[in-house]
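A short write-up of the structure that comes next.
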Amino acid sequence: AVTLTAAELDGVRAAAGTSLSAAASAITGSTLVLEDGDIALTGTVTVADTGITAENGSVTIEKAFMKNSDVIARNGDVTVSAGSLESTSLNSDNGAVAATVNYIEGGEFDGTSVSLTADGAAHGWISGATVNALDATLTALRAIAGTGVTALDTASLTAETVTGSTVIARSLATVTASGEIAGTSVASQGDASLAGAKYGIYKGNQLIDSYTTDANGQFTTKYYICGD
């Protein structure tokens, strides 16, 4: 096992053992690699320019403000419970990816299932993210913008506003907004045909419009500005 305890970890490379636990206020320019076992970052930590890889285990991050970093779990889950993600990617080859943070800006999120929640009272947005999963669920307190979602099964986007985003889902796509929906498109994937499929646009629980895909399995919404 490897345990790293310090106020700051800078330029550290750790690789060994059956578990890796790091307690620090800041991790910068480091590489944390574990061949067999789980990786845990505990407490509140700022992570920048760092790679974290569990080759055969899960990665659990308690609360992290992450920037320009990559987290990979080859055979396990990736979980971030609090903080924020900027230009940071979370990837699992054979597991789930879940993040509940103040906001998400950029980054790639890949897993068998991907669940992203941005619930910060002063932030609450998901912007410029790329998501690839079997099932994808994105929930933002305020906005989802400029985000691309590719789901082999189902995709769900829920926010106050959803703008400039693209959803590709083989089985079912749902977009729900309590305010504005603008320029959001849905298309079929691969060899599946979604020609003639019907999709609904919701304000809260109220269906306000519906669209039917064309011969190419595509449609584009008009612009919506919903009042009180």
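Keep in mind that what you see is a predicted model, and the values were worked out from it rather than measured.
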Practice task
Test Thr100 against Asp119 for side-chain contact (heavy atoms from CB on, under 4.5 Å), laying out the working first.
Solution key: CA-CA 7 Å; Thr100 300; Asp119 59 3; 3.6 Å; yes

Handout entry: Leu90 and Leu85: CA distance, side-chain angles, deciding distance, side-chain contact (heavy atoms from CB on, under 4.5 Å) verdict
Key = CA-CA 10 Å; Leu90 308 180; Leu85 303 174; 3.9 Å; yes

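In terms of heavy-atom proximity, Val162 sits nearest to Ala159 at CG2-CB, 4.2 Å. The heavy-atom pair separating Ala54 from Val59 by the smallest distance is CB-CG2, 3.8 Å. In terms of heavy atoms, Ala73 sits closest to Ser58 at CB-CA, 4.4 Å. Taking each heavy atom of Arg142 and Ala122 in turn, the nearest pair found is NE-C, 4.3 Å. When all heavy atoms of Ala140 and Gly124 are compared, the closest pair comes out as CB-O, 3.6 Å. Nearest heavy atoms, Ala169 versus Ala155: CB-CB, 4.1 Å.
Note on Leu116: it does not cluster hydrophobically with Leu141, by side-chain heavy-atom contacts below 4.5 Å among ILVMFWY residues. The cluster map of Ile, Leu, Val, Met, Phe, Trp and Tyr, joined by side-chain heavy atoms under 4.5 Å apart, puts Ile52 and Val45 in the same cluster. In the hydrophobic clustering of ILVMFWY residues, with side-chain heavy atoms under 4.5 Å counting as a link, Ile104 and Val175 come out together.
A side-chain donor-acceptor contact under 3.5 Å links Glu62 to the backbone of Gly43. Remark: side-chain polar atoms of Ser92 are paired, donor with acceptor, to backbone N or O of Gly76 under 3.5 angstrom. With Thr112 contributing its side chain and Gly95 its backbone, the two residues share a donor-acceptor pair below 3.5 Å. Between the side chain of Ser84 and the backbone N or O of Asn102, no donor-acceptor pair lies under 3.5 Å. Using a distance-only test at 3.5 Å, with no hydrogens or angles considered, a donor-acceptor pair links the side chain of Asp135 to the main chain of Thr154.
Applying the ring pair (Phe, Tyr, Trp, His ring centres under 6.0 Å) rule to pairs touching residues 89-113 yields Tyr103-His123, Tyr103-Trp125, sequence neighbours excluded. The ring pair (Phe, Tyr, Trp, His ring centres under 6.0 Å) contacts involving residues 46-87 comprise nothing, where partners must be two or more places apart or lie in separate chains. Note on residues 68-81: pairs passing side chain to side chain donor-acceptor pair (under 3.5 Å), not counting sequence neighbours, are Glu55-Arg74, Asn75-Asn94.
Between the CD atom of Glu35 and the OG1 atom of Thr53 there is a distance of 9.5 Å, given to the nearest 0.5 Å. Rounded to the nearest 0.5 Å, atoms CD1 (Ile126) and OG1 (Thr147) are 6.5 Å apart. Atom-to-atom distance recorded for Ile168:CD1 and Ser185:OG is 8.0 Å, nearest 0.5 angstrom. Here the CD1-CG distance, from Ile39 to Leu34, works out to 5.0 Å after rounding to the nearest 0.5 Å. If you take CD1 on Ile144 and OG1 on Thr158, they are separated by 6.5 Å, rounding to the nearest 0.5 Å. Here the straight-line distance linking atom CG of Leu41 with atom CE of Met66 works out to 7.0 Å at 0.5 Å rounding.
Of the residues Val131, Val78, Val80, the one that meets the side chain to side chain contact (heavy atoms under 4.5 Å, CB included) test with Val97 is Val78.
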